[in-house]
Amino acid sequence: MEEEDDCPELVPIDSQTSSPARQIPVTIITGYLGAGKTTLLNYILTEQHNKRIAVILNEFGEGSALEKSLAVSQAGELYEEWLELRNGCLCCSVKDNGLKAIENLMEKKGKFDYILLETTGLADPGAVASMFWVDAELGSDVYLDGIVTVIDAKYGLQQLKEEKADGLVNEAARQVALADLTIINKTDLVEEEELNQVRDTVRSVNGLVKILETQRSRVDLSEVLDLHSFDFQDGAKLAEKLQLVKPTRPHLDKSILTVTFEVPGDLCEDALNAFIQDLLWEKKFCNKAGEPMTVIRLKGIVSFAGKAHQVMLQGVHELYEFNETPQLWEENSHTNRLVFIGRNLDKNILQGIFISTVVMNGGKK
Ligand SMILES: Nc1nc2c(ncn2[C@@H]2O[C@H](COP(=O)(O)OP(=O)(O)OP(=O)(O)O)[C@@H](O)[C@H]2O)c(=O)[nH]1
Ligand SMILES: [Zn+2]
């Protein structure tokens, strides 16, 4: 988000003043136009009766000063709340009004157990995800549980392949790149062969993502809710997952893909900050063709010199953070694992820069 720069500095609120209430998970449901997002929401609402679920049928990301509604469902009843997204910087507008609206609503209607947020088909879920993430540090009532991307089995491939003018990132592919879970929906409309192509293409973009296949978005709810995708308490789970990631081969032109590498040793924290900022913010690193590498999603488990615990690295767009996990390193087996999802990524170049600038002693023992 270019607008980021215009945001006022946020000052941490004294966390002592707010009671240490349980945080409420937010799942972002995204996906291209007509893929089946609303169908999924409705399915979850009818299936899930034990949770008080708030649904934000919102068009965050469109950026215009329109009135937006916030629908809350409880035991089959639907409340609707209107909120106004004032003009101005998108991230501030979404952050201030979106989060405030949720918090106001909770004050009025009591706490929810869960929040589902449907973005518009063309929205960049990264921008929406950022609002919850940034606020987490400020002691927000809510936290981001995961990003779910619904894909149309029939038109998904075409949508993923569409080339954007001026080399802009294809929105459908970006949604897949950011997803923690993808749901390939409308499988009734395609033959096996076509479905395989969609699945392979999704996998080619995102080597980490879990893929489900559905009709009418009917999923096992336990596979969609409470993913804890950003939960650093669960560092072991991410470490395990990262080990299984395979680098992907591009299926699409100008495509987004996943690269991953494993490097032994300890890292210098300042150097890692510099590396990530050069990569995410400055776009300083280029592939062999001289095109700047663009990272949309970043995950890792790393070892900082002098720290006994494993550290989780998470990045969405231009935001990233490190968090110490409860996991301790085993003696002499400090292995840094990183996964990058983005465009124009060249694994060898990236790994080379990483080893020479971030790993202590340039990776030499
Ligand atoms: N054949 C078929 N149609 C489906 C399936 N799932 C949803 N649909 C239909 O596809 C259309 C779009 O579904 P929605 O759930 O509204 O999709 P959406 O992603 O919310 O759409 P937008 O909000 O407009 O971007 C509706 O007419 C659904 O009834 C499916 O599995 N098979
Ligand atoms: Zn919809």
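Note: hydrogens, waters and symmetry copies are ignored here, and every other heavy atom, side chains too, is used. Counting starts at 1 for both ligands and their atoms, following the listed order. Everything numeric here is computed off the predicted structure, so don't read it as measured data.
At a heavy-atom cutoff of 4.0 Å, ligand 1 is contacted by both the backbone and the side chain of Thr39.
Across the listed options Lys186, Lys37, Arg218, Lys186 owns the non-hydrogen atom lying nearest to atom 10 (O) of ligand 1. For atom 8 (N) of ligand 1, the choice among Glu118, Arg216, Glu213 with the nearest heavy atom turns out to be Arg216.
At a 3.5 angstrom cut-off on N or O pairs, Thr214 does not count as close to ligand 1. In terms of polar-atom proximity, defined here as any N/O pair under 3.5 Å, Leu33 makes no such contact with ligand 1. Residue contacts with ligand 1: Leu189 is placed with no nitrogen or oxygen under 3.5 Å of a nitrogen or oxygen of the ligand (distance criterion only). When only interatomic distances are considered, the shortest N/O to N/O separation between Thr187 and ligand 1 does not fall below 3.5 Å.
Side chains of Glu118 and Thr38: a donor-acceptor N/O pair is present below 3.5 angstrom, by distance only. Asn323 and Glu321 share a donor-acceptor pair across their side chains, judged by distance under 3.5 Å alone. Checking Thr119 against Thr30 by side-chain atom types alone, a donor-acceptor pair falls below 3.5 Å.
Atoms of ligand 1 lying under 4.0 Å from at least one heavy atom of Asp188, given by number and element, are 1 (N), 2 (C), 30 (C), 31 (O), 32 (N).
Using a 4.0 Å cut-off between a side-chain N of Lys or Arg and a carboxylate O of Asp or Glu, Asp152 and Lys186 qualify as a salt bridge. Of the charged side-chain nitrogens involved, at least one lies within less than 4.0 Å of a carboxylate oxygen, so that Asp180 and Lys299 count as a salt-bridged pair.
Residue contacts with ligand 1 leave out Lys154, since none of its heavy atoms falls under 4.0 Å from the ligand. The shell of residues lying under 4.0 angstrom from ligand 1, judged by heavy atoms, excludes Val150. Taking a 4.0 Å cut-off on heavy atoms, Gly34 registers as neighbouring ligand 1.
Residues Ile184 and Arg199 approach most closely at CD1-CA, 3.9 Å, considering heavy atoms.
Residues passing the ring pair (Phe, Tyr, Trp, His ring centres under 6.0 Å) test with Tyr43: none are found, sequence neighbours excluded. For Phe322, the ring pair (Phe, Tyr, Trp, His ring centres under 6.0 Å) criterion is met by Phe304, Tyr320, not counting sequence neighbours.
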